[in-house]
Amino acid sequence: MTRTIAPEPYDSAVAAGLWRAYYTEVSDRWYLLHEGRRTDPDELEREVAARTGAELAPPTGQLLVGRYGGTPAGSAGVRLLDAATAELTRVFVLPGARGTGGAALLVGAAERAARELGAARVVLDTRGDLVEARALYARLGYTETGPHNDDPYAEHWFAKALS
């Protein structure tokens with residue numbers, strides 16, 4: 001199948017659908033691990049509404065959507081934290097498209113977008129239970145660092161110099 005990655009407005013219906021799937025999965029994983037329950041639907045709606053993705057709008061950010069066979073299948077975003085540092089965020093691939101190499105392609109496209117924004121390095125954070133994400137970032141040359149933010153859900157921080 002054909003795979004494409006292209007910029008997408010952060011407030012598009014495509015972005016909203018992917019983010020809802022992303023937040024549902026990562027929130028459910030956290031609550032199942034820590035409280036033995038799925039996310040309360042009202043809480044999920046509040047979180048989705050609170051995190052609009054506006055920080056991923058040009059000129060200081062970029063949202064990318066990967067399509068697999070023409071269907072939206074994943075996302076990755078970057079935003080400048082300062083003139084030389086971009087943050088990689090919202091990396092997600094829908095379950096049906098996993099295992100096809102799409103996540104690595106999305107991260108690579110996000111790194112190119114970060115360079116175009118002027119960044120010399122990329123940082124990111126993730127949780128301990130998201131072992132697949134941590135393995136992906138390590139495989140792609142990211143190294144674990146100290147914290148670069150105080151996100152209450154962040155447990156691991158990574159960085160990579162852009163060449």
Side-chain angles (χ1 to χ4, degrees), residues 1-30 39 41 43-127 130 132-137 139-142 148-149 151 153-154 157-163:
M1 279 204 201
T2 304
R3 185 184 312 275
T4 61
I5 299 174
E8 180 80 23
Y10 75 90
D11 57 354
S12 73
V14 167
L18 288 168
W19 288 342
R20 180 168 304 287
Y22 166 78
Y23 281 122
T24 299
E25 181 173 333
V26 298
S27 183
D28 278 354
R29 282 177 73 159
W30 192 90
T39 308
E43 181 181 3
L44 180 66
E45 291 307 315
R46 284 191 302 273
E47 187 67 20
V48 169
R51 296 183 181 237
T52 65
E55 70 277 7
L56 302 179
T60 58
Q62 183 71 70
L63 172 66
L64 301 164
V65 167
R67 288 175 170 79
Y68 193 53
T71 302
S75 67
V78 292
R79 68 181 181 126
L80 288 178
L81 297 179
D82 60 45
T85 307
E87 180 180 41
L88 177 65
T89 186
R90 301 195 188 206
V91 177
F92 177 71
V93 176
L94 290 169
R98 292 180 186 159
T100 65
L105 292 173
L106 280 162
V107 171
E111 290 172 355
R112 287 188 294 282
R115 278 189 210 93
E116 290 171 8
L117 292 171
R121 78 181 189 123
V122 174
V123 297
L124 64 93
D125 67 72
T126 191
R127 294 190 330 231
L130 301 176
E132 305 91 343
R134 291 186 1 247
L136 170 71
Y137 300 134
R139 188 171 67 249
L140 296 177
Y142 286 80
H148 67 269
N149 63 26
D151 184 316
Y153 294 105
W157 294 263
F158 289 83
K160 180 179 180 180
L162 298 174
S163 52

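Along the sequence shown, the residues carry numbers beginning at 1.
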Compare every heavy atom of [Y] with every heavy atom of [X], then report the nearest pair and how far apart it is.
{"X": "R127", "Y": "R134", "answer": "O-CD, 3.8 Å"}
{"X": "V65", "Y": "P72", "answer": "CG1-CB, 4.3 Å"}
{"X": "D151", "Y": "N149", "answer": "N-OD1, 3.4 Å"}
{"X": "A133", "Y": "T126", "answer": "CB-OG1, 4.0 Å"}

| Got a sec, which pairs hit side chain to side chain donor-acceptor pair (under 3.5 Å) with one end in residues 51-66, sequence neighbours left out? | E47-R51

| query | Do any pairs count as a side chain to side chain donor-acceptor pair (under 3.5 Å) and have a residue in residues 97-108, sequence neighbours left out, and if so which ones? | reply |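 Those involving residues 97-108 are R3-T100, E25-R98.
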
Identify all side-chain donor-acceptor contacts of residues 13-22 below 3.5 Å with residues at least two apart in sequence or on another chain.
from, atom 1, to, atom 2, distance (Å)
R20, NH1, E45, OE1, 3.3
R20, NH1, E45, OE2, 2.6
R20, NH2, E45, OE1, 3.3

| request: Apply the side chain to side chain contact (heavy atoms under 4.5 Å, CB included) test between F158 and each candidate in D125, L124, V123, L140; give the one that qualifies. | output: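 Filter result, single survivor: L124.
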
| said: Test side chain to side chain contact (heavy atoms under 4.5 Å, CB included) on T85 and H148; report intermediate values, then the result. | reply: CA-CA 11 Å; T85 307; H148 67 269; over 6 Å; no

Would you compute the distance between atom [atom1] of [X] and atom [atom2] of [Y] and round it to the nearest 0.5 angstrom?
{"X": "L63", "Y": "S75", "atom1": "CG", "atom2": "OG", "result": "6.0 Å"}
{"X": "L56", "Y": "T89", "atom1": "CG", "atom2": "OG1", "result": "6.5 Å"}
{"X": "L64", "Y": "L106", "atom1": "CG", "atom2": "CG", "result": "7.0 Å"}
{"X": "Y153", "Y": "L130", "atom1": "OH", "atom2": "CG", "result": "12.5 Å"}

| Where do E132 and R29 land on the salt bridge (charged side-chain N to carboxylate O under 4.0 Å, His left out) test, with the steps shown first? | CA-CA 13 Å; E132 305 91 343; R29 282 177 73 159; 3.1 Å; yes

| request: Ignoring hydrogens and angles, tell me if any N or O in the side chain of R79 forms a donor-acceptor pair with the backbone of G53 under 3.5 Å. | output: no

| query | For the side chain of S12 and the backbone of P9, is there at least one donor-acceptor N/O pair under 3.5 Å apart? | reply | yes

| said: Please enumerate all residues that pass side-chain hydrogen bond (donor to acceptor under 3.5 Å, both in side chains) together with E43, with sequence neighbours excluded. | reply: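 Expected list: Y31.
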
| How would you list, by chain and number, every residue that makes a side-chain hydrogen bond (donor to acceptor under 3.5 Å, both in side chains) with T39, sequence neighbours excluded? | S27, D28

| query | Is R121 paired with E87 through a side-chain N to carboxylate O contact shorter than 4.0 Å? | reply | no

| query | Do V122 and L162 touch side chain to side chain, with heavy atoms closer than 4.5 Å? | reply | yes

| request: Scan residues 57-85 for pairs that pass ring pair (Phe, Tyr, Trp, His ring centres under 6.0 Å), counting only residues two or more places apart or in two chains. | output: none

